[in-house]
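Okay, so here's the structure we're looking at.
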Amino acid sequence: MNIYVLVKRTFDTEEKLVISGGKIQEDGAEFIINPYDEYAIEEAINVRDEHGGEVIVITMGGEDAEKQLRTALAMGADKAVLINTEDDVEEMDQFTSAYILAEYLKDKEADLILAGNVAIDGGSGQVGPRVADLLDINYVTTITSLKIEGEKVTIVRDIEGDAEELETSLPLLVTAQQGLNEPRYPSLPGIMKAKKKPLEELELDDLDIDEDDVEAKTETIEIYLPPAKAAGRILEGDISNQVTELVSLLKNEAKVI
Amino acid sequence: MSKKVLVLGETREGSLRNVSFEAIAAAKKISGGGEVVSVLIGDSVGEFGAELVNYGADRVITVEHPHLKSYTSDGYGQAMMAVIDQEQPEALVFGHTAVGKDLSPKIASKLQTGLISDVTDIEGEGDDAVYIRPIYSGKAFEKVKNKGGIDFITIRPNNIAPLEREERSGDVSSLSVDITNLRTIIQNVVRKSAEGVDLSEAKVIIAGGRGVKSADGFAPLQELADLLGGAVGASRGACDADYVDYSLQIGQTGKVVTPDLYIAAGISGAIQHLAGMSNSKVIVAINKDPEANIFKVADYGIVGDLFEVIPMLTEEFKKVM
Ligand SMILES: Cc1cc2nc3c(=O)[nH]c(=O)nc-3n(C[C@H](O)[C@H](O)[C@H](O)COP(=O)(O)OP(=O)(O)OC[C@H]3O[C@@H](n4cnc5c(N)ncnc54)[C@H](O)[C@@H]3O)c2cc1C
Ligand SMILES: Cc1cc2nc3c(=O)[nH]c(=O)nc-3n(C[C@H](O)[C@H](O)[C@H](O)COP(=O)(O)OP(=O)(O)OC[C@H]3O[C@@H](n4cnc5c(N)ncnc54)[C@H](O)[C@@H]3O)c2cc1C
């Protein structure tokens with residue numbers, strides 16, 4: 001089976017975030033594989049181990065993303081592809097990303113494509129479904145279980161806490177929700193092997209994409225931190241006084257009850 | 001220039017979701033005086049049309065078909081595209097809900113437009129509209145605008161106030177669409193969410209974490225929630241420990257909520273949890289550990305044992321309500 005995984009290198013949002021010059025400071029920041037993409041990689045490896053085939057992880061981004069791709073290879077993916085847009089694309093949005101990823105995928109005869117349901121930094125959740133639409137294949141988002149028998153695919157997906165059971169068929173794109181599996185940590189032998197696995201690097205030219213074709217449709221005009229809240233008030237005194245004070249504050253100061 | 005805006009209306013368990021009304025209010029702003037048309041898709045949705053008009057829609061179009069009983073991206077996609085073909089809108093507003101999140105990228109892709117997802121606020125009107133959305137798990141915000149073509153946004157529930165409900169009049173018409181070739185067959189939906197409460201619409205949420213220690217430990221939280229007309233929510237920690245069902249989970253993986261009052265009891269405040277609630281208007285934290293991260297986003301905090309504090313709070317609220 002031809003299995004592809006869309007992997008995004010993301011800023012680790014558990015870390016402190018600093019904005020300077022209207023941009024998120026990336027120097028010295030920690031970058032990780034988007035956590036929802038880890039579920040996608042794990043599932044891809046399991047599907048391959050059960051049904052045979054190959055897992056190919058793809059990232060669109062800069063040179064630095066090689067690190068995350070090596071991690072995916074160390075987990076057990078077979079090959080990696082980095083579509084390096086650093087020199088070609090100045091402004092991008094979800095349209096841009098999906099277009100480039102779909103152009104790469106269009107002649108690959110993918111049976112199954114896995115993505116994360118949302119990136120923890122950009123947070124739109126658009127890229128998976130957009131790619132599926134451009135490839136004209138079906139997609140199912142926020143999945144928590146995947147079973148493949150022949151062409152038939154049985155899925156459970158999370159819809160705002162309810163569990164929807166459905167049936168569909170390959171080729172298919174799915175996006176991973178937490179709960180799908182427990183992603184493995186790369187093992188030491190895995191890390192050693194990953195160094196020798198193929199990592200192909202492509203640029204837009206290699207995909208016959210013109211910069212004008214991928215011009216962003218939206219524009220970020222400002223990035224800012226939420227207005228600093230007046231430091232929260234930790235109440236003091238004995239607990240029963242704190243409780244009385246809290247209720248009075250909620251009623252008279254915050255006016256929420 | 002004024003714009004014609006199409007808005008997706010949504011129902012849940014036989015009634016309209018509030019986000020449908022909020023989307024109409026958002027659409028009014030974006031329209032800059034143009035027409036706002038609500039779209040309802042389902043197997044039998046006509047009865048809801050009039051209420052959308054009461055909340056400000058100028059017109060309502062329903063698309064009804066037996067194949068639209070359950071949401072599928074193919075079915076709803078065909079229905080929505082047929083309405084778009086007929087109406088030629090200049091802007092689109094969906095809720096950032098399970099349906100909206102799944103459907104909007106498909107429509108944006110077909111229309112080759114941008115899509116601004118999870119909008120919490122709109123500045124300006126008409127052509128000058130600028131959209132605000134949380135990024136980096138809620139640690140920052142961005143202002144985004146559309147560069148041309150159709151303005152397409154999804155709005156986070158409970159952030160944009162709906163218009164006042166008034167008896168208004170407007171046309172409710174139906175469009176007949178042939179729904180074919182569904183590639184997904186829905187077999188069953190296991191309802192896990194508590195009946196009636198839609199956490200994303202609740203004005204008051206009492207949320208418990210691993211610190212609640214057991215399923216029974218949630219009883220005092222439920223009692224307080226009932227008193228305040230709110231709902232109970234939970235952290236992943238509490239769900240993983242099986243104290244409550246995952247349908248109550250709040251956060252990046254679970255529901256994103258913006259109540260007027262969020263009380264977090266026995267929740268440490270991991271970023272994935274904060275991503276789902278940090279936009280709440282007032283946050284109260286109750287935690288034994290004075291260093292807990294949740295205090296960083298809290299407006300008011302009590303350092304103490306939740307099993308002591310929550311019942312006392314309930315008693316105190318009873319006195320003033
Ligand atoms: C000047 C500028 C430069 C930018 N440079 C980059 C960049 O180098 N790389 C980048 O990712 N974003 C970049 N962005 C941001 C970019 O516009 C969005 O982050 C990107 O379109 C993905 O959107 P999202 O974060 O909402 O992802 P979502 O739609 O929430 O992502 C969902 C899933 O789609 C897949 N996916 C998303 N993005 C990628 C990707 N790049 N490669 C492989 N799979 C992906 C993953 O499986 C992910 O879990 C840049 C933005 C600007 C303004
Ligand atoms: C990809 C990914 C997605 C995730 N998505 C989510 C999500 O959507 N939602 C979410 O919540 N988490 C999510 N998580 C998990 C998150 O990282 C945390 O593990 C989780 O939120 C912790 O839950 P908790 O605060 O209940 O537990 P803990 O971190 O164990 O905190 C328990 C707290 O209770 C306090 N406490 C204990 N006893 C008492 C008492 N008697 N009185 C008062 N306080 C007490 C303790 O001091 C402590 O602060 C996600 C993680 C990942 C990796």
Side-chain angles (χ1 to χ4, degrees), chain A residues 11 13-14 17 19 24 93-95 98 118 120-126 129-130 133-134 138-142 159-169 177-179 216-226 229 232-235 239-240 242-244 246-247 249-251 254 256-257, chain B residues 73 97-98 101-102 105-106 108-110 113-118 130 134-137 139-147 149 183-193 228 246-247 249 252-253 255 260-261 271 281-282 284 295 298-304 308-309 312-313 316-317 320:
Chain A
F11 187 99
T13 55
E14 293 191 21
L17 190 139
I19 292 177
I24 308 273
D93 66 359
Q94 291 82 6
F95 164 81
V118 69
I120 59 170
D121 50 0
S124 76
Q126 291 181 27
R130 273 187 184 264
D133 185 71
L134 289 167
N138 194 20
Y139 63 86
V140 181
T141 55
T142 56
I159 40 169
E160 300 184 21
D162 293 334
E164 183 175 72
E165 300 162 2
L166 60 92
E167 224 179 85
T168 181
S169 55
Q177 168 68 311
Q178 191 178 31
K217 306 278 186 191
T218 58
E219 185 184 352
T220 297
I221 46 185
E222 194 184 337
I223 291 180
Y224 58 98
L225 296 176
K229 260 189 175 176
R233 216 150 117 197
I234 306 293
L235 305 180
I239 292 286
S240 79
Q242 289 189 35
V243 166
T244 313
L246 176 61
V247 170
L249 286 166
L250 291 175
K251 196 171 156 71
V256 284
I257 54 158
Chain B
S73 63
T97 56
K101 279 187 241 185
D102 193 83
K106 182 185 195 110
S109 176
K110 293 202 181 305
T113 60
L115 168 60
I116 302 172
S117 302
D118 200 18
V130 171
I135 50 174
Y136 291 77
S137 306
K139 281 193 170 173
F141 287 85
E142 65 173 348
K143 284 188 188 175
V144 191
K145 71 171 207 253
N146 188 28
K147 295 211 303 189
R183 293 173 290 188
T184 295
I185 299 152
I186 309 296
Q187 242 121 20
N188 187 28
V189 177
V190 184
R191 290 256 172 244
K192 296 188 172 170
S193 33
L228 299 177
Y246 282 104
S247 60
Q249 182 184 334
Q252 200 160 58
T253 306
K255 297 203 166 81
D260 294 340
L261 174 61
I271 180 67
K281 282 161 204 108
V282 174
V284 174
F295 286 118
D299 299 279
Y300 306 110
I302 293 185
V303 178
E308 189 186 350
V309 176
M312 285 167 80
L313 260 180
E316 190 64 30
F317 276 121
V320 303

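Protein chains get the first letters and strands the later ones, always in sequence-line order, with residue 1 at the start of each.
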Contact part of B:Val282 toward chain A, heavy-atom cut-off under 4.5 Å: side chain, backbone, both or neither?
-> side chain

Is it the backbone or the side chain of B:Ala298 that comes under 4.5 Å from a heavy atom of chain A, or both, or neither?
-> backbone

Kindly indicate whether the side chain of A:Pro129, heavy atoms from C-beta on, has any atom under 4.5 Å from the side chain of B:Asp102.
-> no

Quick one: does B:Thr113's side chain get under 4.5 Å of A:Lys217's, heavy atoms only?
-> no

Looking at side-chain heavy atoms only, is the closest gap between B:Leu115 and A:Arg130 below 4.5 Å?
-> yes

Return yes if some donor-acceptor pair links the side-chain N/O of A:Asp121 with the main-chain N/O of B:Tyr136 below 3.5 Å, else return no.
-> no

With side chains defined as the heavy atoms from C-beta onward, is the minimum distance between B:Ser117 and A:Gln126 less than 4.5 Å?
-> yes

Under 4.5 Å from any heavy atom of chain A - which part of B:Gln249 = side chain

For the candidates B:Glu308, B:Gln252, B:Lys281, which exhibits the highest count of non-hydrogen atom pairs separated by less than 4.5 Å from chain A?
-> B:Gln252

Residues A:Lys251, B:Phe317; criterion side-chain contact (heavy atoms from CB on, under 4.5 Å); working and verdict | CA-CA 9 Å; A:Lys251 196 171 156 71; B:Phe317 276 121; over 6 Å; no

In terms of heavy-atom pairs under 4.5 Å with chain B, which of A:Ala98, A:Gly161, A:Ala163, A:Gly123 leads?
-> A:Ala163

Can you check whether A:Thr13's main-chain N or O pairs, donor with acceptor, with B:Lys139's side chain at less than 3.5 Å?
-> yes

Output the distance between atom CG (A:Leu250) and atom CG (B:Leu228), rounded to the nearest 0.5 Å.
-> 9.0 Å

Rounded to the nearest 0.5 Å, the NZ atom of B:Lys106 sits from the CG atom of A:Asp133 at a distance of 6.0 Å

Heavy-atom pairs under 4.5 Å with chain A are the metric here; pick the option from B:Ser137, B:Ala108, B:Gly304 that has the most.
-> B:Ser137

So which part of A:Leu246 gets closer than 4.5 Å to some heavy atom of chain B, the side chain, the backbone, both or neither?
-> side chain

Give the member of A:Ile257, A:Val140, A:Thr142 that has the highest number of heavy-atom pairs under 4.5 Å with chain B.
-> A:Ile257

Residue part contacting chain A, namely of B:Thr253, when any heavy atom lies under 4.5 Å | both

From NZ (B:Lys145) to OG1 (A:Thr218), nearest 0.5 Å | 11.0 Å

When only pairs under 4.5 Å are counted, which of A:Ile120, A:Asp162, A:Leu134 shares the most heavy-atom pairs with chain B?
-> A:Asp162

Residue part contacting chain B, namely of A:Glu160, when any heavy atom lies under 4.5 Å = both

What is the distance from atom CD1 of B:Ile135 to atom OG1 of A:Thr220, rounded to the nearest 0.5 Å?
-> 7.0 Å

A:Asn138: partners by side chain to side chain contact (heavy atoms under 4.5 Å, CB included), with sequence neighbours left out = A:Thr168, A:Leu172, B:Ser73, B:Asp74, B:Arg183, B:Thr184

Walk me through it: do A:Thr141 and B:Lys101 pass the test side-chain contact (heavy atoms from CB on, under 4.5 Å)?
-> CA-CA 9 Å; A:Thr141 55; B:Lys101 279 187 241 185; over 6 Å; no

Side chain from CB out, backbone as N, CA, C, O: work out which of these in B:Lys255 comes under 4.5 Å of a heavy atom of chain A, or both, or neither.
-> side chain

Which bit of A:Glu222 comes within less than 4.5 Å of chain B, counting heavy atoms only: side chain, backbone, both or neither?
-> both

